[in-house]
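Here the structure is laid out as structure tokens; the discussion comes afterwards.
Letters A, B, ... mirror the listed sequences (proteins, then strands); counts begin at 1. Side chains included, hydrogens not; waters and symmetry mates left out as well; all remaining heavy atoms used. None of these values were measured; they are calculated from a predicted model.
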2 protein chains.
Amino acid sequence: MQPIQQANENEIATVIVIFAIKNKHLNILLVKRSAEPEDNKWALPGGTWTGEKKLQETATARLQLETGAKDVYLEQLFTISGLNNYNPKSIAVCYFALVNEKDVTLRAEKTWQPKWFNANQINSLAFKNKVVIEKALERIESKLQYSNVAYSLLPNEFTLRELQETYEAIIGKKFDRRNFRKSMISNNIIIQNGKFRKSGAYRPAALYKFISKVPTLF
Amino acid sequence: MQPIQQANENEIATVIVIFAIKNKHLNILLVKRSAEPEDNKWALPGGTWTGEKKLQETATARLQLETGAKDVYLEQLFTISGLNNYNPKSIAVCYFALVNEKDVTLRAEKTWQPKWFNANQINSLAFKNKVVIEKALERIESKLQYSNVAYSLLPNEFTLRELQETYEAIIGKKFDRRNFRKSMISNNIIIQNGKFRKSGAYRPAALYKFISKVPTLF
DNA sequence: CCAAAAGTGTTTGATTTACACCCATGA
DNA sequence: TCATGGGTGTAAATCAAACACTTTTGG
């Protein structure tokens, strides 16, 4: 969301695409605007940068305010002018963040309704937020392929199937279970934590954890 | 270079890391500041964004002003606050550009001296420009590995050796000539243009051109 | 004993790397 | 004929992709 200022002044906004996996689908958090312009439309969360903190800290603060999530992966996407039609002197510094949906408590107020939307079914949005989402989708997909950033989408312990379904939701295709396991383990992304989870009339699944929760390429 | 404004106002600057190959080395264009703060120090070229054009067009305009180069590769790097210590409300949107040194005519004025510096031997710079250069070096290196953007570093026709030396200067290691040729050709990056260049007491080299001068991944 | 998900290795093909000799030219 | 850089192919190794059966559990 881009707050509005005098149209003649530079305005620096941050905008965040917050991703989480819900029901095996990639979701994005949107908030409903409750002011003109674009009143009542859904938009990406964001805020104006005041210069008091570093730019990225403004994004982090907004993320925490909306989701309560901490220690998540946050990365700058790009900066664009002209996102907000109403102020030609505004620019938006866009970020994307990955959160574990179970750690999230949405800030729900009467005038501020955050809501998760399936990332592939988002249509009309305030401003030109669609552009931002498309770039974010590209980036998260390629990032997942050669880094461990999925750690911020998953809880502390998880089964291999849960991990694989997370990857599949984002990349949009199925993987071979044996190859997936081999690759995650041989790239030192995950390791068994020794526990198992029983959840039905079948063999319990070993639980895994991420070896590192620092962004790492492989 | 970041122009100075009232310290209480938002200032949006663009900064460009302009790369070219000179004498088989990767070089960066710097300009000497002729105003406070940081008077007399070398800095990356840049300018203030006024909101009249798109952000990227401001960077393109600055690039042309400094080098005269057109149709070059220009990509946004990232945006940072705090690059300019003197105004806490300033941000810099940073770009990197690749130009062919032979197409360049530097704008040389008494108060504005642009100069090429070996990219790996840049030390003291105005503001925190070093950070920007480091990111740019990372980016150009990885970009070169899986895209054709080298087209903007080279003239219209070139030998395989010239191309390889360009890659070696940037990536910082030597390649096998046979494998390099194979990869460039099988990835449809370059093709012979039918001409040859004689330049000494040895077999003339075939000249190549880029198949496409649109940024393409492979 | 049945249904459901978990676990596990091997083979094939594709890609990447390493490596050495002959060719064309001008002096 | 010599010195210099230009041109070329093959074998080995590594990596990625395809693929099916056995195990554990609860009901």
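Within residues 138-151 of chain B, no residue has any heavy atom under 4.0 Å from DNA chain D. Residues of residues 192-206 of chain B having a heavy atom closer than 4.0 Å to DNA chain C, listed by number: B:Lys198, B:Gly200, B:Ala201, B:Tyr202, B:Arg203, B:Pro204. Interface residues of residues 155-163 of chain A facing DNA chain D, ordered by number: none; criterion, heavy-atom separation under 4.0 Å.
In terms of the ring pair (Phe, Tyr, Trp, His ring centres under 6.0 Å) criterion, B:Tyr208 has no residue partners (sequence neighbours excluded). Partners of A:Trp116 according to the ring pair (Phe, Tyr, Trp, His ring centres under 6.0 Å) rule, which considers only residues two or more places apart in sequence or in another chain, do not exist here. Partners of A:Asp103 according to the salt bridge (charged side-chain N to carboxylate O under 4.0 Å, His left out) rule, which considers only residues two or more places apart in sequence or in another chain, do not exist here. In this structure, B:Phe78 has no ring pair (Phe, Tyr, Trp, His ring centres under 6.0 Å) partners at least two apart in sequence or on a different chain.
Of all the heavy atoms in A:Phe218 and A:Asn148, the pair that sits closest is CE2-N, 4.3 Å. Closest non-hydrogen pair, B:Val72 versus B:Ser152, comes out as CA-CB, 4.2 Å. The heavy-atom pair separating A:Ala206 from A:Phe196 by the smallest distance is CA-CD2, 3.5 Å. A pairwise comparison of heavy atoms in B:Val132 and B:Leu77 identifies O-CD1, 4.1 Å as the closest pair.
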- Task: Would you give a per-nucleotide map of nucleotides 10-16 of chain C, 5' to 3', where B means the base has a protein non-hydrogen atom under 4.0 Å away, S means only the sugar-phosphate does, and - means neither?
- Result: B------
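Judged as a salt bridge (Lys or Arg N to Asp or Glu O under 4.0 Å), the pairs with a partner in residues 19-30 of chain B (not counting sequence neighbours) are, in order, B:Lys22-B:Glu101, B:Lys24-B:Glu165. Evaluation of the salt bridge (Lys or Arg N to Asp or Glu O under 4.0 Å) test over residues 126-142 of chain A, restricted to residues two or more places apart or in two chains, returns A:Glu75-A:Arg139. Within the structure, salt bridge (Lys or Arg N to Asp or Glu O under 4.0 Å) contacts touching residues 196-213 of chain A (residues at least two apart or in different chains) are A:Glu162-A:Arg197. Within the structure, the salt bridge (Lys or Arg N to Asp or Glu O under 4.0 Å) test picks out the following pairs touching residues 150-160 of chain A (sequence neighbours left out): A:Glu157-A:Lys195.
Atom CZ of B:Arg178 is separated from atom C1' of C:dC21 by 9 Å (rounded to the nearest Å). Computed from coordinates, the B:Asp176 CG to D:dT10 P distance equals 15 Å when rounded to whole Å. The interatomic distance linking B:Ile185 (CD1) with D:dT8 (C1') rounds to 11 Å, in whole Å. In this structure, the CZ atom of B:Arg177 is 14 Å from the P atom of D:dG9, given to the nearest Å. Between the CE atom of A:Met184 and the P atom of C:dG7 there is a distance of 15 Å, given to the nearest Å. Atoms NZ (B:Lys174) and C1' (C:dT17) sit 18 Å apart, rounded to a whole Å.
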- Message: What verdict does the side-chain contact (heavy atoms from CB on, under 4.5 Å) test give for B:Leu98 and B:Tyr151, after you've listed the backbone C-alpha separation in whole Å, the side-chain angles of each residue and the deciding distance to 0.1 Å?
- Response: CA-CA 9 Å; B:Leu98 307 180; B:Tyr151 68 78; over 6 Å; no
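At the phosphate of D:dG7, OP1 or OP2 sits under 4.0 Å from a side-chain N or O atom of B:Arg181.
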